[in-house]
S.K.: 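Next up is a structure, given as structure tokens.
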Amino acid sequence: MRITISLLTLLALSIQAAVRQPNILFIFTDDHAIKSLSAYGGPLAKIAPTPHLDRIAKEGILFEHCLVSNSICAPSRAVVLTGKYSHLNGQLTNKGSFDGSQQTAPKLLRKAGYQTAIVGKWHLKSTPTGFDHFEVLKGQGQYYNPMLITNGRNVNHTGYTTDIITDQALKWLRQRDTQKPFFLMTQHKAPHGRWEPALRHLNTFEKINIPEPSTLFDYYSGRSAAPASHKMGIAEDMGPSRLMFRYSSKFTPEQFKIFDDHFRPRNEVFEKLNLQGRDRTRWNYQRYIKNYLRCVKAVDENVGRMLKFLDDSGLAKNTVVIYSSDQGFWLGEHGWFDKRWMYEESLHTPLLVRWPGQIKPGSTNANLVSNLDFAQTFLDIAGAVQPGDMQGRSLTPILRGKTPADWRRAHYYHYYEAGGHGVPIHYGVTDGRYKLIRFPDEKLNTWEFFDLKTDPMEMKSRYSDSKYAQRIGGLKKELTRLRRQYKVTK
Ligand code: CA
């Protein structure tokens, strides 16, 4: 009898423990610059507000300095899954296929009793592993009528991809095993190029002139030869499909008519104007930024739909909502679109977290955190063991308002895709105030150093300025230390 009771007690305790494990909803976008998420402020906040995303910050915490370890799509996704730098998880560039046999957070969460799912963009080529359910775009996917590889089967959908990814994520939530906590990765294609807005947003921002960044016309003087080698210029590198002279999606005839009726007459007007030089760049910028912001708007609306589902289903209280993107993006700063550089706009990625009862609503945090920390954060939230070979650190103490005294004071960055959009291999370190970048290619073989307080737009490298010699020496030492700590050999 006594044995039976204690068994029942144990069972009750384990059920209780399972109940206490919170659900984790990870909403992840592709190429979302913090300057286009209104909770982060800035000149676009009033013009293109993101109220639903802002709600996560209002009811949770906003990280001002979430820095990626390698600012490009597939590598960032691999870092999130593994909690390891690119050189250890093997996904150095967009080119390779992710080794799904390795340890990942979803696999460990599954072991800890979670039901795991991913819906949306995967972008890692190999078949997803560690998920009870996967429903993913093939490669980059398209903005309209996506095909989703659904547990190995190709399923075609009709509609706008950002809406459909949300529909499918909600569908999975409704039919999930409610006996288990869930870990759901809802991952959008948006706002990755080529920026095809939803039909309902074609006219949004139509009558507004979006303010230009102060560095839209940048001639890259005052820095090394590296930034001038770019091929991501709004002036010269956008091509017809990024500017909607050619469409990327395979539309239905009805969709095509509405889409083309919007862009074709405007393109004809533009061609007659025959704009040159700065006027042409300015036109490209307006065309680009408006479509980008329209894609963000659909993301925001769909985040709102997910938050509403959590409210209506009663799940909100015991669900941690995490919003982030695989990296930042250039919204015209330095004349660029795309990402990759260790400079501020592509190094920063948004990070908003809501965890009712644990995070003080409306918090902001200025610590250096990273996508390297996500895997361990998921595991820590779940009460699961964090493997010693992961290289980040759980954010849960920070979420609860207490930054550990020995939190990182410098962040290591390493970009490997040589020549992609003209960006050379580089690595470096930043402590948030100063930044040191090394371009090791034989042709460049150079350094850059920025004082972010006096030069937040990174227009002048102070590498040769004797005033900074001591700082540079200090950061070089830190760079060597971090490379050793993270086991970087190249
Ligand atoms: Ca990306």
Side-chain angles (χ1 to χ4, degrees), residues 26-37 40 53 66-82 85-86 89 91-98 118-125 128 136-143 146 161-162 165 185-196 230-232 234 237-238 241-242 248 288-289 291-293 295-296 298-300 302-303 322-333 336-352 370-372 374 413-417 419-423 426:
F26 181 64
I27 308 177
F28 199 52
T29 45
D30 196 325
D31 296 355
H32 192 184
I34 58 172
K35 289 181 182 174
S36 59
L37 199 166
Y40 281 90
L53 286 165
C66 182
L67 310 181
V68 294
S69 57
N70 181 1
S71 180
I72 184 163
C73 311
S76 169
R77 286 156 201 274
V79 170
V80 169
L81 289 171
T82 62
Y85 270 97
S86 308
N89 68 44
Q91 192 76 41
L92 295 168
T93 69
N94 270 347
K95 287 169 189 142
S97 175
F98 179 67
I118 178 165
V119 179
K121 190 163 180 183
W122 169 245
H123 200 228
L124 288 167
K125 291 186 183 144
V136 294
L137 295 169
K138 192 176 177 192
Q140 296 282 5
Q142 50 179 28
Y143 270 106
T161 299
T162 309
I165 288 170
M185 305 181 97
T186 304
Q187 307 202 150
H188 291 286
K189 169 188 172 60
H192 191 283
R194 281 79 183 169
W195 306 277
E196 293 175 342
H230 79 87
K231 291 189 179 67
M232 54 173 78
I234 285 176
D237 300 311
M238 294 207 97
S241 56
R242 286 193 188 87
S248 303
Y288 156 53
I289 193 71
N291 287 332
Y292 179 94
L293 293 173
C295 291
V296 169
V299 167
D300 186 61
N302 278 286
V303 167
I322 304 173
Y323 179 83
S324 190
S325 170
D326 59 352
Q327 19 47 223
F329 210 67
W330 298 100
L331 302 179
E333 302 89 353
W336 293 335
F337 65 93
D338 211 72
K339 51 257 179 179
R340 298 165 195 265
W341 299 102
M342 198 197 163
Y343 306 129
E344 291 292 271
E345 282 75 5
S346 47
L347 180 65
H348 278 75
T349 202
L351 178 60
L352 312 172
S370 171
N371 58 347
L372 190 69
F374 292 3
Y413 179 86
H414 203 141
Y415 170 80
Y416 294 89
E417 196 172 297
H421 276 284
V423 180
H426 59 290

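Along the sequence shown, residues are numbered consecutively beginning with 1. All ligand and atom numbering here is 1-based and tracks the order in the structure. What you see is a predicted model; the values in this text were computed from it and never measured.
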S.K.: Quick one: does His426's side chain have a donor or acceptor within less than 3.5 Å of a partner on Met342's backbone?
M.R.: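 Yes, the answer is positive, given that a donor and an acceptor are paired below the 3.5 Å cut-off.
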
S.K.: Which of the N/O/S atoms in Asp30 sits closest to the Ca ion (ligand 1)?
M.R.: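 Nearest to the Ca ion (ligand 1) within Asp30's N, O and S set: OD1.
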
S.K.: Examine distances only and state if a side-chain atom of Asn371 and a backbone atom of Val80 form a donor-acceptor pair shorter than 3.5 Å.
M.R.: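 Side chain of Asn371 to backbone of Val80: no pair is present.
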
S.K.: Looking only at non-hydrogen atoms, find the nearest pair between Asp326 and Cys73 and report the distance.
M.R.: OD2-CA, 3.2 Å

S.K.: So which atom in Ala74 and which in Asn94 form the shortest heavy-atom distance, rounded to 0.1 Å?
M.R.: N-OD1, 2.8 Å

S.K.: Within the stated cut-off of 3.0 Å, is an N/O/S atom of Cys73 closer than that to the Ca ion (ligand 1)?
M.R.: yes

S.K.: Are the aromatic ring centres of His192 and Phe329 under 6.0 angstrom apart?
M.R.: no

S.K.: So, Gln327 and the Ca ion (ligand 1): N/O/S under 3.0 Å, yes or no?
M.R.: yes

S.K.: Give the name of the N/O/S atom in Asp31 that lies closest to the Ca ion (ligand 1).
M.R.: OD1

S.K.: Restricting to N, O or S atoms of Asp326, which is nearest to the Ca ion (ligand 1)?
M.R.: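 This turns out to be OD2.
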
